[in-house]
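The structure appears right after this line, and notes come after that.
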Amino acid sequence: MAENFPEGFLWGASTASYQIEGAAREDGRGPSIWDVFSHTPGKVLNGDTGDVACDHYHRWREDVALLRELGVGAYRFSTSWSRILPEGRGTVNEKGIEFYDRLVDAVLDAGIQPWLCLYHWDLPQALEDKGGWQNRDVARWYADYVGVVARRLGDRVKHWATFNEPNNVAYRGYGEGDHAPGIKSRDAVWRAIHTVNLAHGLGMKTLREERAGLTLGNIYNFGPREPASDRERDNEACALMDALMNKAFPDAQILGTYPEPIAADMAPLIEEGDWQIIKQKLDYFAFNHYSRSRVRWDKDHLFHMGRVPTPAGTPMTEMGWEIAPDAFRQVMIECQARYSGTLPMYILENGAAFRDAVDNEGRVRYPQRIEFLRGYLGAVLDAIAAGVPVKGYFVWSLLDNFEWALGYDKRFGIVYVDYATQKRVPKDSYYFYRELAQGGALERR
Ligand code: IFM
């Protein structure tokens with residue numbers, strides 16, 4: 001059965017600055033927390049760093065040509081704060097902002113809408129040295145940075161997001177510690193959550209003050225969590241993970257409250273006037289989704305939360321994440337009910353890592369990614385049929401890239417990157433996606 005997406009459905013592809021740009025020490029860019037973290041022995045698999053990544057800083061023309069050829073209507077990328085403000089605040093690095101200026105022009109020339117995310121995890125190290133997201137002042141400095149970018153690019157970029165996956169900024173950076181800056185502390189997580197929420201609010205206000213007519217949102221991240229058993233402790237661990245990973249940001253920013261069971265931990269951090277800052281009107285509701293997970297109580301974990309590994313035999317990606325399109329449909333329906341109502345909904349990341357490689361005919365076949373996309377895009381159609389106003393879908397990712405603590409070991413791209421030569425090879429999944437982006441129907445199985 002073949003099914004069409006609604007007229008005007010927006011097809012996109014997403015990337016992020018540290019994951020693709022490289023040129024880490026070029027043209028005045030300052031170090032970010034990921035430069036420091038990835039250069040710390042033992043933090044990233046195989047000692048990989050983003051020093052070169054996909055060398056997008058030099059190859060952006062080629063990458064924009066790939067987007068044009070793909071036929072997408074939108075390209076989501078992020079700006080590197082420390083490329084624009086090497087110290088995190090103060091003097092603007094002209095060469096840094098000029099890079100994004102040229103990129104935006106090229107994307108527009110290709111007939112593609114630029115969607116700009118202002119923060120995809122690469123905090124300037126100079127600000128981490130001042131406490132990073134644990135320090136409320138960083139929220140103000142973030143808003144100053146937002147002002148710089150908005151003044152320079154707001155004449156051409158109409159779609160803006162304040163943060164990508166703020167949950168991972170706070171939880172993995174300051175709690176789990178497997179992401180930069182690598183801190184493992186419960187209190188640090190509470191503080192980071194609140195500062196990031198304040199930064200979101202101040203950033204939204206700045207964008208609205210700088211320019212009328214911008215379309216603004218945040219990029220949340222949702223994965224349904226289920227307790228591993230009906231034991232009370234598993235239920236508690238699951239509720240805590242749900243609060244930290246799913247609700248802490250959209251509840252605060254949209255409902256104006258912190259969810260149970262973290263509300264009591266958050267309460268001492270809330271100062272008078274904070275909710276007026278945090279709760280800003282969104283113009284769209286966006287999130288990323290990858291999988292669902294089961295949670296058990298773990299006495300040795302900082303938050304007593306343990307993830308149950310996906311059982312052998314379950315369809316899963318190279319990340320060990322269960323392939324479960326029905327969980328995706330469920331998330332879209334639940335998000336509309338809890339948060340977004342009639343707001344247009346956009347999926348700004350969805351995709352999968354598979355161990356794909358170039359064959360001796362120069363092709364990257366790997367039907368798994370195509371089947372993954374077919375299943376997840378089918379879930380989008382199901383959610384639309386159920387009345388959810390899903391207006392666009394952005395694949396993660398345009399290119400294979402630096403997958404954080406897993407370095408270059410995991411390939412999420414629809415374009416293969418040979419890191420030794422920087423050659424780009426569109427995978428079969430690129431051509432599958434191109435058919436859809438150019439108006440084709442989805443063949444459902
Ligand atoms: O690569 C990441 C991206 O930076 C944020 N969302 C999840 C992706 C896959 O892990």
Side-chain angles (χ1 to χ4, degrees), residues 12-22 32-35 37-38 43-45 48-50 53-54 56 63 75-81 115-123 161-173 176 178-181 196 217-224 244-246 249-250 286-293 307 310 316-324 327-328 331 346-356 368-369 372-373 376 393-417 419 429:
S14 297
T15 64
S17 47
Y18 191 73
Q19 292 182 275
I20 65 165
E21 285 178 3
S32 79
I33 52 175
W34 270 97
D35 294 288
F37 189 76
S38 66
K43 297 296 185 194
V44 175
L45 192 66
D48 290 342
T49 72
C54 306
H56 171 76
D63 295 336
Y75 172 50
R76 179 197 139 196
F77 64 101
S78 73
T79 43
S80 154
W81 184 344
W115 284 50
L116 192 157
C117 175
L118 287 149
Y119 188 82
H120 198 126
W121 306 358
D122 41 1
L123 184 73
T162 52
F163 281 83
N164 177 70
E165 297 179 6
N167 59 342
N168 282 322
V169 174
Y171 176 68
R172 295 188 70 179
E176 195 77 32
D178 65 327
H179 276 194
V196 169
N218 196 344
I219 307 168
Y220 306 111
N221 185 21
F222 295 101
L244 281 170
M245 296 306 282
N246 289 329
F249 295 90
F287 69 93
N288 302 340
H289 170 79
Y290 286 90
S291 191
R292 66 176 165 210
S293 51
R307 214 181 275 265
T310 309
M316 62 177 115
T317 70
E318 267 295 305
M319 298 290 281
W321 296 343
E322 184 187 353
I323 300 176
F328 184 32
V331 170
Y346 290 93
I347 311 308
L348 290 190
E349 275 183 32
N350 174 242
F354 290 107
R355 193 149 295 281
D356 36 20
Q368 294 97 317
R369 181 172 291 97
F372 177 96
L373 292 171
Y376 277 75
Y393 173 98
F394 290 46
V395 69
W396 183 267
S397 175
L398 175 67
L399 303 171
D400 290 339
N401 59 48
F402 177 80
E403 177 55 23
W404 308 112
L406 298 174
Y408 297 101
D409 191 57
K410 300 285 182 267
R411 294 182 173 273
F412 276 90
I414 55 172
V415 174
Y416 183 91
V417 177
Y419 295 110
S429 49

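Counting starts at 1 for both ligands and their atoms, in listed order.
Here N164 has side-chain heavy atoms under 4.0 Å from ligand 1, and that is the only part of it that gets that close. Neither the backbone nor the side chain of Y18 has any atom closer than 4.0 Å to an atom of ligand 1 (non-hydrogen atoms only).
Considering every non-hydrogen atom in both A324 and Y376, the closest pair reads N-OH, 2.8 Å. Taking both residues in full, the closest heavy atoms of E21 and S80 are given as OE1-CB, 4.0 Å, listed atom of the first, atom of the second, then distance. Smallest separation of non-hydrogen atoms from W34 and D122: CD1-CA, 4.5 Å.
Heavy-atom separations between K410 and ligand 1 are all 4.0 Å or longer.
Geometrically, ligand 1 and W404 share a nitrogen or oxygen pair separated by less than 3.5 Å. Distances between N or O atoms of W121 and those of ligand 1 include no value under 3.5 Å. Between H120 and ligand 1, a contact under 3.5 Å exists for at least one N or O pair. Some N or O of W396 is nearer than 3.5 Å to an N or O of ligand 1, by distance alone.
Among protein heavy atoms, the minimum distance from atom 1 (O) of ligand 1 is reached at E403 OE1, 2.6 Å. Among all non-hydrogen protein atoms, the one lying nearest atom 5 (C) of ligand 1 is E349 OE1, 3.2 Å.
Note that the OG1 atom of T317 and the CZ atom of F412 stand 6.0 Å from one another [nearest 0.5 Å].
Near E165, with a cut-off below 4.0 Å to any heavy atom, the atoms of ligand 1 are 5 (C), 6 (N), 7 (C). Using a 4.0 Å cut-off to heavy atoms of F412, the atoms of ligand 1 that qualify are 9 (C), 10 (O). Every atom of ligand 1 with a heavy atom of W321 under 4.0 Å away is listed here by number and element: 10 (O).
Salt-bridge annotation for E349 and R76: present, with a side-chain N of the basic residue lying under 4.0 Å from a carboxylate O of the acidic one.
In summary, the aromatic rings of Y290 and W396 are positioned with their centroids too far apart to meet the 6.0 Å limit. Annotation: Y220 is not in aromatic contact with F249 [ring centroid separation under 6.0 Å not met].
Using a distance-only test at 3.5 Å, with no hydrogens or angles considered, a donor-acceptor pair links the side chain of N401 to the main chain of L399.
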